Amino acid sequence: MKKIIFSIVFLTLGWATSKAQTFNLGVKAGVNLAKLNADFASEENRLGYQIGAWARIGGASFYVQPEAYIGSKGNKFISIQQDNGNEVSAEGKVKFTTLDVPVLLGTKFGAKNLNFRLMAGPVISFILDENSTFSSAYQQATDFSNYKNQALGLQAGAGVDVGSISVDLRYEVGLSNISKSEKYSQKPNLFQLSLGFKIL
């Protein structure tokens, strides 16, 4: 599945580069509101950050936008469902530092110095650091706190460009289980708001 997705993306990127009329390079920073959707617990959103760079390759209306940025994502578990079906209050916290690499396909419309954009595409997140603490109630689920070193997701959103300034609002849905557990599923989901500046 991953190979198929990224083969399509890189073929599209190659095609866009060959047909490109414009090339832009920029930096970005922003915030995100993230959580791990879990099938065994109730959870709360956690605030995080992102900072990195982007490129935009395309023509008058269609573009490809690869990015790379460092970010933080987290989750707070507030309860757990035990094997007997009872839900009990139990606190657990996890925080990831990730390198996120989305490749977005988009369209834009409007004037040169004021345009609106729609975009969507896959994102792969590489976990650079993970910090977690769980109360004793989670000990019965012995393997759900072991996390993989990468996750695959899908981003979609909208943006606006005013001169060299870009503002993006996106939603990211997790496509893969970030937990190594085969019993407990955890998929990252988040909203992100970023401010970008075009330097080229």
Side-chain angles (χ1 to χ4, degrees), residues 1-17 19-20 22-39 43-75 96 98-110 114-127 148 150-162 165-178 185-198:
M1 179 68 172
K2 290 182 183 179
K3 290 181 179 179
I4 293 173
I5 290 173
F6 283 100
S7 294
I8 293 171
V9 167
F10 287 115
L11 286 172
T12 304
L13 184 59
W15 175 84
T17 302
K19 301 291 185 180
T22 62
F23 174 80
N24 299 121
L25 187 67
V27 294
K28 61 179 286 186
V31 295
N32 60 58
L33 195 61
K35 70 176 181 177
L36 295 176
N37 284 351
D39 56 5
E43 64 280 315
E44 288 182 351
N45 292 313
R46 306 299 284 177
L47 192 64
Y49 69 87
Q50 56 177 281
I51 182 168
W54 54 268
R56 191 176 297 155
I57 307 155
S61 59
F62 173 79
Y63 66 89
V64 179
Q65 183 165 315
E67 299 182 352
Y69 53 86
I70 300 293
S72 71
K73 305 171 186 177
N75 191 65
F96 302 108
T98 61
L99 171 62
D100 297 295
V101 185
V103 180
L104 306 171
L105 309 180
T107 185
K108 57 184 178 180
F109 48 92
L114 175 61
N115 62 71
F116 299 91
R117 293 175 288 107
L118 299 173
M119 79 288 286
V123 55
I124 186 166
S125 299
F126 300 96
I127 297 177
K148 299 175 183 176
Q150 67 183 46
L152 184 66
L154 181 67
Q155 290 187 358
V160 60
D161 298 326
V162 182
I165 304 297
S166 296
V167 179
D168 280 14
L169 177 63
R170 301 180 198 163
Y171 179 69
E172 179 180 322
V173 59
L175 298 179
S176 62
N177 183 10
I178 197 171
S185 176
Q186 300 180 59
K187 294 182 178 180
N189 292 269
L190 59 94
F191 287 95
Q192 59 176 227
L193 177 66
S194 65
L195 178 66
F197 182 76
K198 181 170 63 176

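Because the structure is predicted, anything quoted here is derived from the model rather than measured.
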Are any side-chain N or O atoms of Asn75 and backbone N or O atoms of Leu36, one a donor and one an acceptor, separated by less than 3.5 Å? yes
I need the minimum non-hydrogen distance between Asn32 and Gln192, along with the two atoms involved. CB-CB, 3.9 Å
Taking C-beta and beyond as the side chain, do Ile178 and Phe96 meet within less than 4.5 Å on heavy atoms? yes
Thr22 side chain to Gly58 main-chain N or O, any donor-acceptor pair under 3.5 Å? yes
Report yes or no: does Ser72 contribute a side-chain atom to a donor-acceptor pair with the main-chain N or O of Tyr49 at less than 3.5 Å? yes
When rounded to the nearest 0.5 angstrom, what is the spacing between CD1 in Ile165 and CG in Leu114? 13.0 Å
Pairing residues for Phe191 by the ring pair (Phe, Tyr, Trp, His ring centres under 6.0 Å) criterion, not counting sequence neighbours: Tyr171
Would you call Val27 and Ile51 a side-chain contact if the rule is heavy atoms closer than 4.5 Å? no
Evaluate Val167 against Leu193 for side-chain contact (heavy atoms from CB on, under 4.5 Å), listing each step before the verdict. CA-CA 7 Å; Val167 179; Leu193 177 66; 4.1 Å; yes
To the nearest 0.5 angstrom, please state how far the CG atom of Asn189 sits from the CG atom of Leu33. 11.5 Å
Residue set satisfying salt bridge (Lys or Arg N to Asp or Glu O under 4.0 Å) with Lys187, at least two apart, ordered chain then number -> none
Between the side chain of Asn24 and the main-chain N/O of Ala55, is any donor-acceptor distance below 3.5 Å? no
I need the minimum non-hydrogen distance between Glu43 and Ala38, along with the two atoms involved. OE1-N, 3.3 Å
Gap between atom OH of Tyr63 and atom CG of Leu105 - 0.5 Å precision: 9.0 Å
Enumerate donor-acceptor pairs with a distance under 3.5 Å from any side-chain N or O in residues 116-124 to protein atoms, sequence neighbours excluded.
| from | atom 1 | to | atom 2 | distance (Å) |
| --- | --- | --- | --- | --- |
| Arg117 | NE | Asp161 | OD1 | 3.2 |
| Arg117 | NE | Asp161 | OD2 | 3.0 |
| Arg117 | NH1 | Asp168 | OD1 | 3.3 |
| Arg117 | NH2 | Asp161 | OD1 | 3.2 |
| Arg117 | NH2 | Asp168 | OD1 | 2.5 |

All side chain to side chain donor-acceptor pair (under 3.5 Å) counterparts of Gln155, not counting sequence neighbours: Tyr69, Arg170, Glu172
Minimal non-hydrogen separation, Ser166 against Arg56, with atom names: OG-NH2, 3.9 Å
Check side chain to side chain donor-acceptor pair (under 3.5 Å) between Asp100 and all other residues, then give those that pass, not counting sequence neighbours. Lys73, Thr98, Ser125
Check side chain to side chain donor-acceptor pair (under 3.5 Å) between Lys35 and all other residues, then give those that pass, not counting sequence neighbours. none
